Amino acid sequence: MTELHTTTAYQSFADSLQRALDGAPPALEWLTPLLTCSDEDAATLYRTADAVRDAHMGTDVHLRALIEFSNYCRKDCAYCGVRKHNAGIDRYRLTPEQIVEFAQAAAKLGYRSTVLQSGEDMWYTAERMAEVVRGIKATTDLAITLSAGERDTETYRLWREAGADRYLLRIETTDPDLFAAMHPDDDLEQRKACLYTLRDLGYQLGTGVMVGLPGQTPEILARDVIWMHELGAEMIGVGPFIPHPATPLKDATGGTVEQTLRLVAVLRLVFPTAHLPATTAMGSLHPTGRERALQAGANVVMPNVTPTDFKPKYELYPNKICLGDDAEHCRGCITGRIMGIGRTVATDHGHVARVQEQSENAR
Ligand code: SAH
Ligand code: SF4
């Protein structure tokens, strides 16, 4: 990221941290100093975010079983390894029956929620995907998160009515120029509109950004945080951008664990009760990247339960971890890592605070 070049009156690190702890509305003048703080101050930032996580969310880490059900995509995002114009990958698509079966297997392993993710693959029509959601809901007690990109309002509505609880759609960046540079066939306003629709339909709302995109500045990240706050994001996934060799950004530098940790910590301060995953991209850049995120504000991990015949083909970025490990192995491994840092594995569905309160009031 580049130096700060604006006329904003930035506050000191200590004052910025105090503003965050006072619950001040997120603003550039204190978000940016936190995002660019020294390594020494970062240790304080992480410790503080960890304490806020402990106070609001406790020691529990929520596990979401990730099923990557198709790597077909109609889009050409400049950073992504499964973009339409990458002819070098072996495309696959799970059948609806396989998706339901893998979700059932995840439930048997003790998961309480699953995330179904894919490229923007229109083979999964609104009705086909709704059938998958109904199939999982009818045979398991899993909470279901969908992450299948941009669709029209009627499709999102059908999936919600079929039983989908949550939706993940990262905004990626809110900077109009950076968004346009990264997305030759996408429109920032349209992506925002999808998120507003998902929110209005009552989905538990997940979004997020990548850290270290070429041309991204700390102010841009700070503005992303402000926008996600206005949106009312309830789950926020952030991970380092990792350049993929078969994309236009193959020679880019990419994001770092340290930059991403600062953002995770800032998010915990601004969103004390949000669900923040320690993302796989963090674990892929550093062997203990996810644990470090869990100790800097994160409280969710998304172990991959996609069978190993398909896992390596869902290559959004290179060097993804755990590609040869089966779902049972991953479950044990992640539990060990969570307990190894003195945390506990949650046994409930891990709904967002709003939904949790609704169900408690209904009792
Ligand atoms: N197609 C859907 C969901 C799959 S992509 C969508 O785009 O919303 C899931 C996420 O992977 C994206 O939101 C993006 O933030 C991330 N991603 C893609 N390429 C990446 C890369 N090279 N490095 C790090 N994260 C990447
Ligand atoms: Fe497709 Fe999502 Fe990758 Fe973009 S980020 S190319 S929409 S899978």
Side-chain angles (χ1 to χ4, degrees), residues 42 46 49-50 53 57 59-68 71 79-82 106 109 111 113-115 117 145 147 168 170 172 206 208-213 235-245 253-268 274-308 310-346 350:
Y46 303 158
D50 198 41
R53 184 271 311 152
M57 311 302 278
T59 57
D60 267 359
V61 175
H62 297 278
L63 301 183
R64 324 292 203 199
L66 176 66
I67 300 175
E68 297 163 333
N71 67 356
Y79 41 79
C80 180
V82 312
L109 285 175
Y111 287 102
S113 81
T114 184
V115 179
Q117 192 179 79
T145 306
S147 179
L168 299 181
R170 287 187 180 176
E172 315 294 2
V209 298
M210 264 177 287
V211 177
L213 289 171
M235 310 177 289
I236 306 174
V238 298
F241 158 56
I242 305 176
H244 189 290
T253 312
T256 65
V257 168
E258 292 300 332
Q259 286 171 325
T260 312
L261 285 172
R262 283 170 174 75
L263 179 58
V264 170
V266 165
L267 288 169
R268 175 54 68 204
H275 286 295
L276 304 179
T279 53
T280 307
M282 286 292 270
S284 299
L285 272 197
H286 190 277
T288 58
R290 287 177 300 177
E291 288 90 326
R292 291 181 67 192
L294 288 173
Q295 293 174 301
N299 70 322
V300 172
V301 178
M302 293 164 60
N304 195 333
V305 299
T306 316
T308 48
F310 304 105
K311 250 187 184 181
K313 297 180 184 168
Y314 195 82
E315 197 190 52
L316 307 174
Y317 50 82
N319 306 318
K320 259 174 91 179
I321 43 172
C322 316
L323 294 182
D325 301 331
D326 67 23
E328 196 167 351
H329 173 95
C330 286
R331 172 87 201 187
C333 168
I334 205 69
T335 301
R337 285 170 183 260
I338 290 167
M339 293 172 65
I341 55 167
R343 300 279 279 281
T344 47
V345 174

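Small disclaimer: the values here were computed from a predicted structure and weren't measured.
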Looking only at heavy atoms, what is the nearest atom pair of Gly283 and Ile321, with distance? O-CG2, 3.5 Å
Between Ala298 and Ala278, what is the shortest heavy-atom contact and its length? CB-N, 3.8 Å
Does Gln295 have any side chain to side chain donor-acceptor pair (under 3.5 Å) partners at least two apart in sequence or in another chain, and if so, which? none
Non-neighbouring partners of Thr145 that pass side-chain contact (heavy atoms from CB on, under 4.5 Å), sequence neighbours left out: Val115, Arg166, Leu168
Return each pair, listed once, that meets salt bridge (charged side-chain N to carboxylate O under 4.0 Å, His left out) where at least one residue sits in residues 326-339; pairs must be two or more places apart or across chains. Glu291-Arg337
What one should report as the nearest heavy-atom pair of Gly350 and Arg64 is O-NH2, 2.9 Å
What pairs with Tyr317 under side chain to side chain donor-acceptor pair (under 3.5 Å), at least two apart in sequence or on another chain? none
Does Ala65 offer a backbone N or O that forms a donor-acceptor pair with the side chain of Thr114 under 3.5 Å? yes
Partners meeting salt bridge (Lys or Arg N to Asp or Glu O under 4.0 Å) with Arg262 (sequence neighbours left out): Asp39, Glu258
Find out whether Met282 and Leu261 are in side-chain contact, i.e. whether some heavy atom of one side chain is under 4.5 Å from a heavy atom of the other. yes
With sequence neighbours left out, write down each residue that passes salt bridge (Lys or Arg N to Asp or Glu O under 4.0 Å) with Lys320, or none if nothing qualifies. Glu68
Leu285: side-chain contact (heavy atoms from CB on, under 4.5 Å) partners, not counting sequence neighbours: Pro240, Ile242, Val257
What verdict does the side-chain contact (heavy atoms from CB on, under 4.5 Å) test give for Ile341 and Thr288, after you've listed the backbone C-alpha separation in whole Å, the side-chain angles of each residue and the deciding distance to 0.1 Å? CA-CA 11 Å; Ile341 55 167; Thr288 58; over 6 Å; no
Side chain to side chain donor-acceptor pair (under 3.5 Å) with Asp60: which residues, sequence neighbours excluded? Thr344
Would you say Asn304 and Cys330 make side-chain contact, with heavy atoms under 4.5 Å? no
Qualifying residues under ring pair (Phe, Tyr, Trp, His ring centres under 6.0 Å), relative to His275, sequence neighbours excluded: His62
Here the gap from Glu172 atom CD to Cys80 atom SG, rounded to the nearest 0.5 Å, amounts to 9.0 Å
Counting distance only, does the side-chain N/O of Arg343 pair as donor-acceptor with the main-chain N or O of Leu294 below 3.5 Å? yes
Between Ile236 and the options Leu263, Leu276, Val264, the side-chain contact (heavy atoms from CB on, under 4.5 Å) test singles out Leu276
To the nearest 0.5 Å, what is the distance between CD (Gln117) and CG (Leu316)? 6.5 Å
For Tyr111, all residues meeting ring pair (Phe, Tyr, Trp, His ring centres under 6.0 Å), sequence neighbours excluded: none
Side-chain donor or acceptor of Arg170 paired with backbone N/O of Gly237 under 3.5 Å: yes
Sorted by chain and residue number, the side chain to side chain donor-acceptor pair (under 3.5 Å) partners of Arg268 (sequence neighbours excluded) come out as Asn299
Report the residues that fulfil ring pair (Phe, Tyr, Trp, His ring centres under 6.0 Å) with Tyr46, sequence neighbours left out, ordered by chain and then residue number. none
Nearest 0.5 Å, please: how far is OG1 in Thr279 from CZ in Arg290? 9.0 Å
Report yes if the side chains of Glu315 and His244 come closer than 4.5 Å at any heavy-atom pair, otherwise no. yes
4.5 Å side-chain heavy-atom contact, Lys311 and Cys322: yes
